[in-house]
2 protein chains.
Amino acid sequence: MNLPKRPRTRIQARNREIILEAALDVFSTQGFRGATLDQIAAAAGLSKHNLLYYYDSKETMHAALLVRLLDTWLAPLRAMSPQGEPVAEILRYVGRKLEMAQEFPRESRLFANEILQGAPRMEGFIATELRALVEEKAALVARWIAEGRLAPVDPRHLIFSIWATTQHYADFDVQVRLVLGPGEDPFPAARRHLEALFRAALTPTGPTTDAVAPLAGGTGPG
Amino acid sequence: MNLPKRPRTRIQARNREIILEAALDVFSTQGFRGATLDQIAAAAGLSKHNLLYYYDSKETMHAALLVRLLDTWLAPLRAMSPQGEPVAEILRYVGRKLEMAQEFPRESRLFANEILQGAPRMEGFIATELRALVEEKAALVARWIAEGRLAPVDPRHLIFSIWATTQHYADFDVQVRLVLGPGEDPFPAARRHLEALFRAALTPTGPTTDAVAPLAGGTGPG
DNA sequence: CGTCTTTCTGACCATTTGGTAAAAGTTAAG
DNA sequence: CTTAACTTTTACCAAATGGTCAGAAAGACG
C-alpha cells in the first residue's frame, strides 16, 4: 500500500536518509515536542507530506533515530576489555567517548533531550540493557581495584563522571565555545585535560600508597 | 490597565509565585517550545487566561524564570575565594554545586534545555558575564598552580568538568536512578566520589611529586 | 452601601500542527 | 508503448495553541 517498510529503491533509501538527517538536526535542538514536521521538512528540502510518505508519523521518525543511536552509542563502553591494562583501558574509553562527542554531537543532544524530558521513550532500554552493561563494566572496574591495579573509585559513579565530562562537550558545546572565546577549538585541550583528570584519579600508586603490593598473603598490616 | 508590573497585593505575589513554580516544572522538562500554556495552567491549578493576566506571554514567563535562575546560579563559583586553601576551596565549590543539583534540579534542567537549544536567550549573558567570571576564577586557579599549591590542570576545563559532573546528577537524574536501581539515593555516593575524583586530580603531592613540601609549618604527620 | 480596582471567566480567533485521502506525476519492467 | 508500482503534490481537516476582549466576580475602601 502506502508504506513499503524496507527500502527497495535507491530513491527510498536516499530520501529516508535525508529525512533522518534533517530530523536529527531538529529533534536534537528542539526536543521531540518542540520539533515540528515543517521544520524537518524545510531542513530536508522536502514537503511535509513527503516526509509522511516515508514515515508514518513524527513518532516513527523519532523512534528510527533512537534505534540507530543506541546501536552505536554503547560501543565504546562495550569495548572496555578485561584484557588491557586497567588505567589505559579506561583512558581509552574516555578518549573514545570524547571523540564521539566531537563527531556526533547531535546524537548526544538527542539523547540528552530525551533524558531531560524524563526518558519517556527510553526508560525500558535504560533500566535493562544500559543498566546491565554498566553493572558488568562496574564489576570489571571493581575487580581491577580489588587487584590493586586501579585506585579505589566508585565504579558506577566513575562511569557517570566519564559520561558527564565527555558529553558535556557535545551537549553544552555552545556554552563551552562562548566561554572559551571565538575561534578556540575546545577538543584538543579537553582531551588532554580529561586524560590527566582521570589518570590522576585512577592511578593506584597515587593517593593511597599502601596495600598495593600484589598480594599472596594477608592484606592488612600484620 | 491590565498589567500592574510590580506585585502590589498578596494575591498577586502569591499567584505569580505559583505560576512561576508551575512554569519551571513544565519548561524544565519540555523546553520552551515543547511547553504549552495549558500544561502550565494545569500544573498551577489556574486557568490559561488567568496566567495571561499575570504574564503577558509565554515568553515573559520564561524570561522571568531565567532572570531568577541566573540570580543564584553563579553564587557558588563567585564564592570561590583566593583566601582559602586551594584544594579545599575547589572541593567546597564542587560540594556546593552538587548540593544545588540536588536542591534545584529543575533549574539545572531549565538551563540545560536552553543550552541544548543553542542558548538563543542567553548567548549574551554567557559571552559576557559568565565568560568574565570563568576567566577570573581560571586566573585564580592558574595562580594557585604557579605557586605549586595545586597540581597542574587546565583551569577552564577544570571548571567545565565540575559543571559537567555535578549538573549530571540533576540533568540526567532519571538515567542515574534507573542505572543505579530503585531506592538508591545517588547523592551521598556522588558526593564522596566527586570529592575523591577532584582531590586526586588537584592535590599537588600526587602525580608529580616534587616542589610541594608544605613549607614553613607542615601539616603532615610529625 | 456604593464605587473603584483587582482578579477571573467565557466567548472568540488566527495560526500552527500532525495527519488523511486522493489525484497527479514518474519510473521501470514487460 | 503499456501497465503497474512508486513518488509527489494538492486539497482538506480536526485539534491544539498562543493570544485578545469584554464582561462578570470579588475585594478594598470611603
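These numbers come from the heavy atoms of this one structure, side chains and all, not from hydrogens, waters or symmetry mates. Residue numbers begin at 1 in each chain, while the letters A, B, ... track the order of the sequences.
Nearest-nucleotide positions on DNA chain C for B:Leu46 and B:His49 put B:Leu46 closer to the 5' end.
With salt bridges taken as basic N to acidic carboxylate O contacts below 4.0 Å, one links A:Arg92 and A:Glu89. Note on B:Arg106 versus B:Glu21: salt bridge recorded, some NZ/NE/NH1/NH2 to OD/OE distance being below 4.0 Å. A salt bridge does not link B:Arg68 to B:Glu107: none of the charged side-chain nitrogens sits closer than 4.0 Å to a carboxylate oxygen.
Taking 4.0 angstrom as the limit, A:Ser47 places a side-chain polar atom (N or O) nearer than this to OP1 or OP2 of D:dT9. Contact annotation: B:Arg33 side-chain N/O to C:dT17 OP1/OP2 distance is under 4.0 Å. Taking 4.0 angstrom as the limit, B:Ser57 places none of its side-chain polar atoms (N or O) nearer than this to OP1 or OP2 of D:dG18.
With C:dT7, D:dT7, D:dT17 as the choices, the nucleotide that has an atom nearest any side-chain atom of A:Tyr54 turns out to be D:dT7. Listed nucleotides: C:dG18, C:dG19, D:dT8. Nearest to the side chain of A:Leu52: C:dG19. For B:Tyr53, counting side-chain heavy atoms from C-beta on, the closest listed nucleotide (D:dG19, C:dC8, D:dT7) is C:dC8. In this structure, of C:dT9, D:dT9, D:dG19, it is D:dT9 that holds the atom nearest to the side chain of A:Asn50. The nucleotide whose nearest atom lies closest to any side-chain atom of A:Lys58 is, among C:dG19, C:dA11, D:dT17, C:dG19. Here the side chain of A:Gln12 is nearest to one of D:dC6, C:dT17, C:dG19, namely D:dC6.
Rounding to whole angstrom units, CZ of residue A:Arg14 and C1' of C:dT27 are separated by 14 Å. Atom CG of A:Leu51 is separated from atom C1' of D:dT8 by 12 Å (rounded to the nearest Å). As rounded to whole Å, 8 Å separates atom P of C:dG18 from atom CD1 of A:Ile40. Separating the CE atom of A:Met61 from the P atom of C:dT17 is a distance of 14 Å, rounded to the nearest angstrom. Rounded to whole angstrom, the span from the NZ atom of A:Lys48 across to the P atom of D:dC12 amounts to 15 Å. Atom pair A:Gln30:CD and C:dT16:P shows a separation of 16 Å (rounding to whole Å applied). What separates CG of A:Leu37 from P of C:dG19 is a distance of 6 Å, to the nearest Å. Spacing between atom CG of B:Asn15 and atom P of C:dC8 amounts to 5 Å, rounded to whole angstrom units.
Residue B:Ala41 is classed as having no contact, given no heavy-atom separation below 4.0 Å to the nucleic acid.
Using a 4.5 Å cut-off on side-chain heavy atoms (C-beta onward), B:Arg191 and B:Gln102 make no contact.
The aromatic rings of B:Phe160 and A:Tyr169 sit perpendicular to each other, their planes meeting at more than 60°, with 30° as the lower class boundary.
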